[in-house]
Amino acid sequence: MKLETLRDLLIEQVGDIYDAETRITQALPKMAKAASSPDLKAAFEKHLAETENHVSRLEQVFETLGEKPQKKACKAMQGLIAEGEETIKEDAEPEVKDAALIAAAQRVEHYEMAAYGTVCTYAKQLGEKDVLKLLKDTMAEEVATDKALSELAESTINVEAM
Ligand code: FE
Ligand code: FE
């Protein structure tokens with residue numbers, strides 16, 4: 001489809017995030033399984049539940065825009081998840097692996113924050129208030145997850161890995 005307007009671009013970008021979020025729902029259970037720290041496992045499981053909701057919010061975004069949900073293969077997320085899988089398989093001390101899992105997960109969160117930041121701006125400029133609200137709610141959970149992972153890393157995981 002030819003992109004003619006910012007609205008077309010919004011729909012395309014939401015399709016990219018929709019693909020990315022769906023992939024994350026498949027990756028997070030593996031991350032949780034690979035984590036040794038109960039707190040880290042719990043953080044991944046909490047964000048898995050949130051991510052499932054991110055997928056539904058994106059479906060609501062498509063619906064609000066009067067569009068059929070359509071995925072656009074997100075190669076960047078494929079790559080980030082492939083790196084996470086390498087981390088899972090790595091021969092490492094449990095505490096060090098936990099620190100590495102956080103490193104991989106935070107790359108994913110920052111990618112999402114960048115993507116949501118862009119589509120929030122488009123929705124705002126297009127006057128799509130309901131869409132903006134849905135996207136902002138998810139953005140807030142990505143930011144909170146990133147912060148929680150940083151706190152976990154700094155307070156315990158990295159310290160134990162030393
Ligand atoms: Fe998400
Ligand atoms: Fe996330």
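Counting starts at 1 for both ligands and their atoms, following the listed order.
- Minimum heavy-atom separation, Ile81 to Ala27: CG2-CB, 3.9 Å.
- Protein contacts to the Fe ion (ligand 1) involving N, O or S atoms at a distance below 2.8 Å are Glu21 OE1, Glu21 OE2, His54 ND1, Glu112 OE2, Glu142 OE2.
- Arg57 pairs with exactly one of Glu50, Glu141, Glu21, Glu142 by the salt bridge (charged side-chain N to carboxylate O under 4.0 Å, His left out) rule, that one being Glu141.
- Counting heavy atoms of neighbouring residues, nucleotides and ligands inside a 6.0 Å radius, atom NZ of Lys46 does not exceed 12 of them.
- Side-chain contacts under 4.5 Å among hydrophobic residues (ILVMFWY), followed directly or transitively, place Leu132 with no other residue at all.
- Atom CD of Glu160 has more than 12 neighbouring heavy atoms from other residues, nucleotides or ligands inside a 6.0 Å radius.
- In the displayed structure, Glu67 atom CD is contacted under 6.0 Å by more than 12 heavy atoms of other residues, nucleotides or ligands.
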